[in-house]
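First up is the structure itself, then whatever we jot down about it.
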2 protein chains.
Amino acid sequence: MESDDAGLRHSDADTPERVRRQLSRLVGMTAGQLRKAAGAALAEVGAHKDHFVVLASLAEFGPASQSRLSDRTRVYRSDLVAVLNDLEAAGHIQRAPDPEDKRRNVITVTAKGRCRLGELDEVLAGVNEHVMAPLDPAERDTLFALLARVNAHLADG
Amino acid sequence: MESDDAGLRHSDADTPERVRRQLSRLVGMTAGQLRKAAGAALAEVGAHKDHFVVLASLAEFGPASQSRLSDRTRVYRSDLVAVLNDLEAAGHIQRAPDPEDKRRNVITVTAKGRCRLGELDEVLAGVNEHVMAPLDPAERDTLFALLARVNAHLADG
DNA sequence: GCAGCGGCGTTAGTGTCCCTAACGATACGG
DNA sequence: CCGTATCGTTAGGGACACTAACGCCGCTGC
């Protein structure tokens with residue numbers, strides 16, 4: 001076994017070394033696969049990533065206008081409209097005009113919506129479990145922590 | 001100090017916990033920022049991610065047909081055409097008909113192309129340095145290793 | 001009052017990736 | 001030869017991130 005650096009020899013034999021060194025490549029590939037996995041799992045129950053994020057934000061932080069929801073979820077106001085249309089049609093949220101400011105809508109989770117959130121949460125928990133299967137709990141934590149640091153560092157660069 | 005798990009409390013105060021737990025979210029956000037950073041740096045010298053990947057593959061593994069190049073670089077054959085058009089117009093590669101099979105082209109790096117590759121490599125080294133600035137060498141290695149394991153695991157799932 | 005600025009929800013459109021479909025040309029196997 | 005498969009190429013679809021503009025309303029100041 002001339003395996004130098006054991007676990008560090010990652011992936012593809014016919015990917016050039018210069019390319020393999022690029023963090024953006026590795027993260028990008030992983031992101032793509034994670035997006036696919038989560039997207040497919042959510043699609044199976046007729047949902048979308050943004051549906052989950054919006055429901056979670058409403059459930060954890062309470063009702064909000066669409067604008068504030070957009071800020072909290074990082075779903076663009078333009079895209080949020082369609083998401084809320086879906087959720088409203090399914091009875092998961094309620095869109096009511098704000099009596100204090102007629103420009104705004106007040107978005108509220110319904111009981112059905114909280115139930116839906118629980119469902120989506122379970123689906124995604126399954127995905128996470130599958131995705132992080134090869135990592136033990138400590139490794140999962142370090143992965144999160146390292147990514148978070150890189151992420152935070154880039155967020156204010 | 002009620003700081004539980006110290007370094008693990010990552011990022012956004014108004015992101016719901018359920019969402020924060022999703023690896024796909026964290027990886028996705030990071031991927032987006034890395035893509036932006038690398039894309040912008042390459043754009044400043046008039047290049048594209050795929051230009052780099054193609055040049056690197058040719059330089060490391062030698063000439064190839066477009067089809068094999070596509071396999072090696074994971075750039076789709078359809079998209080590869082435009083990339084090779086660019087590189088050929090700039091004199092970085094040579095597109096010659098394969099005498100052994102008139103369907104194929106043989107793609108070869110020129111000297112100018114190797115020089116260009118060096119330039120792009122430096123640009124990206126700078127990006128990597130900037131991006132991974134908050135991590136020490138050991139942490140960078142573990143980040144790569146962990147991502148590679150997740151990635152490899154998803155690749156054959 | 002009312003005029004102007006700015007935030008609200010909404011519609012439409014842009015650009016970039018990743019990916020598929022089909023086509024003419026060429027190779028290859030029966 | 002005839003059918004099938006592969007090559008480079010063109011065109012387009014679909015998801016995602018993002019911008020522009022519009023009509024509506026609130027707010028401030030004159």
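Numbered from 1 within each chain, the chains take letters A, B, ... in sequence-line order. These numbers come from a predicted model, not from an experiment. Both backbone and side-chain heavy atoms feed into the values below; hydrogens, waters and symmetry mates do not.
OP1 or OP2 of C/dT10 lies within a sub-4.0 Å distance of a side-chain N or O belonging to A/Arg95. Contact check, A/Gln66 against C/dC8: no side-chain N or O comes under 4.0 Å of OP1 or OP2. Side-chain nitrogen and oxygen atoms of B/Ser67 include at least one within less than 4.0 Å of the OP1 or OP2 phosphate oxygen of D/dC7.
To the nearest angstrom, P of D/dC27 lies 10 Å from CD of A/Glu100. Counting to the nearest Å, the C1' atom of C/dG7 and the CG atom of A/Asp101 are 8 Å from each other. Atom CD1 in B/Ile93 sits about 12 Å away from atom P in D/dG8, given to the nearest Å. Taking atom CE on B/Met29 and atom C1' on D/dA17, their separation rounds to 13 Å, with Å as the unit. Summarising the geometry, the separation between NZ on B/Lys102 and C1' on D/dT6 is reported as 16 Å, rounded to the nearest angstrom. Remark: P of D/dG26 and CG of A/Asn105 are 13 Å apart, rounded to the nearest angstrom. Residue B/Arg104 contributes atom CZ, which lies 9 Å from atom C1' of C/dA27 at whole-angstrom precision.
For the pair B/Asn105/B/Asp98, no side-chain contact is recorded, criterion being any heavy-atom separation below 4.5 Å from C-beta on.
With a 6.0 Å radius and a threshold of 12 heavy atoms from other residues, nucleotides or ligands, B/Arg68 has its CZ atom at or below the threshold. Taking a 6.0 Å sphere around CD of A/Glu122, one finds it holds 12 or fewer heavy atoms contributed by other residues, nucleotides or ligands.
Comparing the helix axis at one end of the helix from C/dG1-D/dC30 to C/dG30-D/dC1 with that at the other, each defined from 5 consecutive pairs, gives an inter-axis angle of 0° (nearest 10°).
Each of B/Asp98 and A/Leu84 was matched to the nucleotide of DNA chain C holding its nearest heavy atom; the match closer to the 5' end belongs to A/Leu84.
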Exercise for the section: May I have the step-by-step check of side-chain hydrogen bond (donor to acceptor under 3.5 Å, both in side chains) for A/Asn85 and A/Arg95, ending in yes or no? Expected result: CA-CA 9 Å; A/Asn85 286 344; A/Arg95 224 201 217 119; 3.0 Å; yes
Exercise for the section: Take A/Met132 and B/Val150 through the side chain to side chain contact (heavy atoms under 4.5 Å, CB included) test and state the conclusion after the steps. Expected result: CA-CA 6 Å; A/Met132 303 201 276; B/Val150 168; 5.5 Å; no
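Checked against A/Leu87 for a side-chain contact (heavy atoms from CB on, under 4.5 Å), the options A/His48, A/Arg116, A/His92 give a single hit: A/His92. Among the candidates A/Val109, A/Ile107, A/Leu69, A/Thr108, the single residue satisfying the side-chain contact (heavy atoms from CB on, under 4.5 Å) test with A/Pro63 is A/Thr108.
Taking hydrophobic clusters as Ile, Leu, Val, Met, Phe, Trp and Tyr residues chained together by side-chain heavy-atom distances below 4.5 Å, A/Val75 shares a cluster with A/Leu117.
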Problem - Where protein sits on nucleotides 11-20 of chain C, one letter per nucleotide: B base, S sugar-phosphate only, - none, heavy atoms under 4.0 Å - result: BB----SBBB
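Side-chain atoms of A/Arg103 stay outside donor-acceptor range of the base of C/dG9, with no qualifying N/O pair under 3.5 Å.
A donor-acceptor distance shorter than 3.5 angstrom exists from the side chain of B/Thr142 to the backbone of B/Glu139, with no hydrogens or angles considered.
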